[in-house]
Amino acid sequence: MIPQKPTFQHQVTLANYCRNGVLENIPGVTKNISHYRRLVFNNVLDSLSAAYPLTEHLLEEEWEALVHRFFATHKVQSPQIWHMPKEIIDYVNCYEKELLNRYPFLPNLLVFEWLEIEVFMMPDVVFSKATAGKLFCNPEIRLVQFQFPVHLKKAFQITTSDEGTYFVAIYRNPDTKAVSFTNLSLLTYTLLKDYFVNPISREEIFNLIPKESSNEIKNQLNDFIEKCITNQLLINS
């Protein structure tokens with residue numbers, strides 16, 4: 001192996017110090033270097049806090065300690081600062097067992113908050129209007145299944161008794177680019193995932209519903225479709 005040049009070794013040592021606070025001997029470096037580490041950490045803390053405001057509010061004083069542990073031990077893979085916060089999700093799942101025991105819904109909450117960023121930052125999807133009378137799902141979307149209602153309840157109100165199956169659509173308005181979410185039933189989740197991928201008429205959708213279904217279910221589905229057209233979760237011609 002070719003020996004590393006001293007300059008590169010010093011750069012690695014400085015980078016490690018910024019992460020974990022352990023200062024090894026670097027020629028010419030004084031104790032004032034601590035201010036540089038503080039600035040670097042604050043940038044990371046600000047980025048993560050902006051990405052996960054609900055999680056920060058839930059954990060309160062534990063939040064900064066979590067960010068310290070993450071930054072000190074995790075080797076960030078993405079060179080893009082906006083994408084870095086995603087990596088704390090895997091870190092928490094792998095290494096923060098004590099937090100997960102106290103907040104079993106935390107993985108869902110982190111994913112929910114991250115997907116808002118991911119959908120907002122996703123490349124524009126070019127699509128054409130459907131044939132008259134047809135509807136299709138907004139392609140700038142993520143359909144997600146959760147075990148806890150992180151999209152419906154404040155985090156500190158969620159308990160283990162809430163554990164179940166929840167479906168949500170997180171999507172971007174093609175005109176305003178604002179990101180929204182819609183709670184889904186199993187029926188509407190399945191329709192969006194499997195049937196609204198391609199243009200389909202309202203009549204064809206209702207033909208998929210068992211004929212013995214109650215009028216209440218059919219009315220709820222019709223109301224859902226109308227709501228989705230209004231907020232552009234469904235696109236029509």
side-chain contact (heavy atoms from CB on, under 4.5 Å) evaluation trace for M84 with L48: CA-CA 8 Å; M84 176 271 295; L48 288 166; 4.1 Å; yes
side-chain contact (heavy atoms from CB on, under 4.5 Å) between L221 and E226, worked out: CA-CA 9 Å; L221 177 57; E226 290 296 332; over 6 Å; no
Common cluster, V197/I170, ILVMFWY with side-chain heavy-atom separation under 4.5 Å: no
Sub-4.5 Å side-chain heavy-atom contact between K86 and E118: yes
Chi angles and distances behind the ring pair (Phe, Tyr, Trp, His ring centres under 6.0 Å) call for F136, F127: CA-CA 10 Å; F136 64 96; F127 59 88; 5.7 Å; yes
Summary of ring-ring contact (aromatic ring centres under 6.0 Å, His included) pairs that have at least one residue in residues 183-225, sequence neighbours excluded: F167-Y189
Side chains of S201 and E204, donor plus acceptor under 3.5 Å: yes
Closest heavy-atom pair and its distance - P199, K134: CB-CB, 3.8 Å
4.5 Å side-chain heavy-atom contact, I89 and W114: yes
Polar contact flag, side-chain donor to acceptor under 3.5 angstrom, E113-T55: yes
Rounded distance (nearest 0.5 Å) linking atom CG of L54 with atom CZ of F112: 7.5 Å
All pairs passing ring-ring contact (aromatic ring centres under 6.0 Å, His included) where residues 46-65 contributes a residue, at least two apart: none
Minimal non-hydrogen separation, I158 against P149, with atom names: CD1-O, 3.9 Å
F120: ring pair (Phe, Tyr, Trp, His ring centres under 6.0 Å) partners, not counting sequence neighbours: none
Backbone N/O of Q77 and side chain of E87: donor-acceptor pair under 3.5 Å: yes
Donor-acceptor pair, side chain of K154 and main chain of V150, under 3.5 angstrom: no
CZ/F156: more than 12 non-hydrogen atoms of other groups inside 6.0 Å: yes
N/O donor-acceptor pair under 3.5 Å between Q232 side chain and P174 backbone: no
Verdict with supporting geometry, N93 and L106, side-chain contact (heavy atoms from CB on, under 4.5 Å): CA-CA 9 Å; N93 286 333; L106 186 56; over 6 Å; no
Steps toward side-chain contact (heavy atoms from CB on, under 4.5 Å) verdict (L135, I235): CA-CA 6 Å; L135 301 166; I235 310 296; over 6 Å; no
Closest non-hydrogen atom pair, P85 against A51: CB-CB, 3.7 Å
Atom pair OG1 (T73) and CZ (R69), whose distance is rounded to the nearest 0.5 Å: 9.0 Å
F146/F105 aromatic ring centres below 6.0 Å: no
From OG (S185) to CD1 (I217), nearest 0.5 Å: 9.5 Å
Qualifying salt bridge (charged side-chain N to carboxylate O under 4.0 Å, His left out) pairs with a residue from residues 57-66, counting only residues at least two apart or across chains: E62-R102
Flag side-chain contact, heavy atom, 4.5 Å: E140 against D124: yes
Side chains of L184 and V168 in contact at under 4.5 Å (non-hydrogen atoms): no
Those residues that, when tested against Y166, pass side chain to side chain donor-acceptor pair (under 3.5 Å) (two or more places apart): none
Atom pair CG (L192) and OH (Y171), whose distance is rounded to the nearest 0.5 Å: 10.0 Å
From OG1 (T230) to CD1 (I225), nearest 0.5 Å: 12.0 Å
pair E216-Q220: side-chain heavy atoms closer than 4.5 Å: yes
Min side-chain heavy-atom separation L115-V144 under 4.5 Å: yes
Heavy-atom check, side chain of V76 versus side chain of V44, under 4.5 Å: no
Steps toward side chain to side chain donor-acceptor pair (under 3.5 Å) verdict (R172, N138): CA-CA 8 Å; R172 188 172 66 184; N138 181 341; over 6 Å; no
By ring pair (Phe, Tyr, Trp, His ring centres under 6.0 Å) - contacts of H151 (at least two apart): none
Minimum-distance pair of heavy atoms, taken over all atoms of M122 and P139: CE-O, 4.2 Å
Non-hydrogen side-chain atoms of V119 and I141 separated by less than 4.5 Å: no
Crowding at NZ, K227 (>12 non-hydrogen neighbours, <6.0 Å): no
Interatomic spacing from OG1 in T182 to CG in L143 - rounded to 0.5 Å: 10.5 Å
Candidate list D162, N108, T165, test side-chain hydrogen bond (donor to acceptor under 3.5 Å, both in side chains), partner Q147, passing option: N108
Backbone N/O of K97 and side chain of N101: donor-acceptor pair under 3.5 Å: yes
